[in-house]
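A quick write-up on the structure given underneath.
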Amino acid sequence: MGECILKMEHITQQFPGVLALDNVDFELKKGEIHALVGENGAGKSTLMKILTGVNKPNSGKITMNGIAYGQLDIEKSKKLGINMIYQELNLIPQLKIYENIFLGKEPVKNGRINKKEMRIRAGEMIESLGIQMNVEDKITDLTMAYKQMVEIARALLDDPKILIMDEPTGPLTSEEVSVLFRTMRVLKKRGVSIIYISHRLEEIFEVCDICTVFRDGKHIKTVAVDQTDTDELIRLMVGRSLENQYPPRLRSPENAKNILEVKHLTNHKIRDISFVLKEGEILGIGGLVGAGRTETLRAIFGCDPCQGTFCKYGREIRIHSPEDAIKEGIVLATEDRKGQGLLLNLSVSDNIVLPVIKKLKKRLFIDRSSIAKQVQSYIEKLNIKTPSQKQTVSLLSGGNQQKVIVSRWLLAKASIILFDEPTRGIDVGAKFEIYTLMNELKDSGKSIIMVSSDMPELMGMSDRIIVMSEGRITGELTCPEEFSQEDILKKASVS
């Protein structure tokens, strides 16, 4: 491995009431892919924000290429060749792909922006990632996976010396992850150093050289990837061992009734989708990006217009909007929690009661005492880690934000919960809590439809899996003991 290009020594970051980083050290070598792991709130992102100049540490020093800095600002960090791809995408939806890639770095010819050069270079950049995209498309028309690829392309435009990736594979399929890893290995050969933050531990062993574990704002251990294993990393991350990544599978009740029938669901993204969902069942939907999985959930929830019929317990129901779906007890926990699932500037309490606020009114006034009792009961029942109901929801970890969304829909008396990538961006310990919660929902008679790009998660939690390709259902797996990644991928690749 190359020489050490970055040292962060004795870094301490104090926020009001929180010691986010406690005397932390971190080193990075040239051409190294260095994993940074830990539960949400462990301090990983805080350290990276210090490195990129977003945060100013209370103490410590940063040495880059032998030159010591007390702290960095954003401009100095960029000049040093440090670039970060954040977990929360930072794209302008109404601009085209090539315009987002070159935003703020537009080439100029004869005093005018050279859009032709932008389109050509953006196309070459996208092609180098092994992805087929029309650079004339607008960001608003892309799925989460393709938005992520645009972010990566934009970062590579700066020819970074250090590239920080914060959960880059969250919305990606296994095929797209392979493309990303190929790109990372190419960058490594060029001498680019990569700091790789991920909750998917299997990725660490596939692509990383070194792994540093954080817990509760402290540096716990740095170890060569080929000298550790998943069990040790989990123990270091959570301070205890997790015997299994998934809770014991609960058997669906025999002769369970069909709670929902979807018949011939069709719009511009999906074709003739028909299936049944049983009481107390977790039905998984697998497939590659672009298969129509998210679009199917959106159609069922009334977000997008479609043809077809829905029956609940044999009775035909009409769903033309999310309001119609909620009235029928059908709710959606979206993959984009921060963009579409939560109002980040509102409190935990406000986010939980939002859909049922009218019902909680007492004449002309809101019954705040009743609201507080009900919210507190869900905070305790779902073990939401928050200082109080009044805490701004943006300050919670990903796993606790997901629990807030589930609490909202339980308060709304949902009987069918649609989960789109339920553990995206959630650490291994919190994942287990979400899985346990899903099992508890199932055991209480709730029914779940789950879209997941995490193949082990799809197989580990589903009672039945339907597979989609190019907007239609191409297969079904009905026996959990015989689920296999090969079968799912084979059915997902049918054209």
Minimal non-hydrogen separation, [X] against [Y], with atom names:
X	Y	answer
W409	A333	NE1-N, 4.3 Å
I434	P422	CG2-O, 4.4 Å
F205	T228	CE2-O, 3.6 Å
F301	V331	CE1-CA, 3.6 Å
K385	L396	O-CD2, 3.7 Å
S193	G31	OG-N, 3.2 Å

Could you tell me whether the side chain of [X] and the main chain of [Y] form a donor-acceptor pair under 3.5 Å?
X	Y	value
T222	T212	no
T52	K49	yes
D141	D137	no
N351	L343	yes
R215	L236	yes
E106	G104	yes
D350	L346	no
E457	D454	no
D304	A299	no
S77	L51	yes

TODO: Begin from the C-alpha positions of E3 and K29 and carry the test salt bridge (charged side-chain N to carboxylate O under 4.0 Å, His left out) through to its verdict.
DONE: CA-CA 5 Å; E3 73 276 12; K29 295 179 179 179; over 6 Å; no

Task: Step-by-step side chain to side chain contact (heavy atoms under 4.5 Å, CB included) determination, F181 to T183 - done: CA-CA 5 Å; F181 287 174; T183 303; over 6 Å; no

Supply the atom-to-atom distance [X] [atom1] to [Y] [atom2], rounded to the nearest 0.5 angstrom.
X	Y	atom1	atom2	answer
I195	L163	CD1	CG	9.0 Å
K263	L265	NZ	CG	12.5 Å
L156	I126	CG	CD1	9.5 Å
S45	I197	OG	CD1	4.5 Å
E323	K327	CD	NZ	4.5 Å
M118	I97	CE	CD1	12.5 Å

Open item on the list: Among residues at least two apart in sequence or on other chains, which ones pass ring pair (Phe, Tyr, Trp, His ring centres under 6.0 Å) with Y146?
Closed with: none

Task: Partner set under ring pair (Phe, Tyr, Trp, His ring centres under 6.0 Å) for F26, not counting sequence neighbours - done: H34

[X]: what forms a side-chain contact (heavy atoms from CB on, under 4.5 Å) with it, not counting sequence neighbours?
X	value
S407	I352, Y378, L382, I384
D216	none
E486	S484
K109	N114

My understanding is that only residues two or more places apart in sequence, or in another chain, count here; which of them pass side-chain hydrogen bond (donor to acceptor under 3.5 Å, both in side chains) with [X]?
X	result
K431	none
T386	none
S198	E203
K56	none

Open item on the list: With heavy-atom distances below 4.5 Å as the criterion, would you say the side chains of L157 and M125 are in contact?
Closed with: yes

Open item on the list: If you define the side chain from C-beta out and look only at heavy atoms, does anything of M237 sit under 4.5 Å from L201?
Closed with: yes

TODO: Check whether more than 12 heavy atoms from other residues, nucleotides or ligands sit under 6.0 Å from atom CG of D226, and answer yes or no.
DONE: yes

Task: Check: H264/D272 side-chain N/O donor and acceptor closer than 3.5 Å - done: yes

Task: Counterpart residues, salt bridge (Lys or Arg N to Asp or Glu O under 4.0 Å), relative to E328 (two or more places apart) - done: R315

- [ ] Check step by step if side chain to side chain contact (heavy atoms under 4.5 Å, CB included) holds for F275 and I449.
- [x] CA-CA 11 Å; F275 62 86; I449 302 177; 3.8 Å; yes

Task: CA sep, side-chain torsions, deciding dist, call: S453, E421, side chain to side chain donor-acceptor pair (under 3.5 Å) - done: CA-CA 7 Å; S453 299; E421 305 290 357; 2.6 Å; yes

TODO: Report the C-alpha distance between K105 and D158 in whole Å, list the side-chain angles of each, state the deciding distance to 0.1 Å, and finish with yes or no for salt bridge (charged side-chain N to carboxylate O under 4.0 Å, His left out).
DONE: CA-CA 9 Å; K105 310 164 195 171; D158 290 332; 2.8 Å; yes

- [ ] Please assess K44 against D166 for the test salt bridge (charged side-chain N to carboxylate O under 4.0 Å, His left out), listing each intermediate value before the final yes or no.
- [x] CA-CA 9 Å; K44 311 181 299 295; D166 190 359; over 6 Å; no

Only distances under 3.5 Å count here; give the side-chain donor-acceptor pairs of residues 60-70 to other protein atoms, sequence neighbours excluded, each with its distance to 0.1 Å.
none

Open item on the list: side chain to side chain contact (heavy atoms under 4.5 Å, CB included), that's the test. Do L477 and V467 meet it? Break it down for me.
Closed with: CA-CA 8 Å; L477 292 81; V467 185; 3.8 Å; yes

Task: Given T294, T334, T296, the one that forms side-chain hydrogen bond (donor to acceptor under 3.5 Å, both in side chains) with D420 - done: T294

Open item on the list: Run K491 and E476 through salt bridge (charged side-chain N to carboxylate O under 4.0 Å, His left out) and show every step you take.
Closed with: CA-CA 9 Å; K491 290 176 172 58; E476 181 176 352; over 6 Å; no

TODO: Begin from the C-alpha positions of S452 and R293 and carry the test side chain to side chain donor-acceptor pair (under 3.5 Å) through to its verdict.
DONE: CA-CA 9 Å; S452 179; R293 300 166 303 161; over 6 Å; no

TODO: Determine, for E151 against R154, whether the closest basic-nitrogen to carboxylate-oxygen distance falls under 4.0 angstrom.
DONE: yes

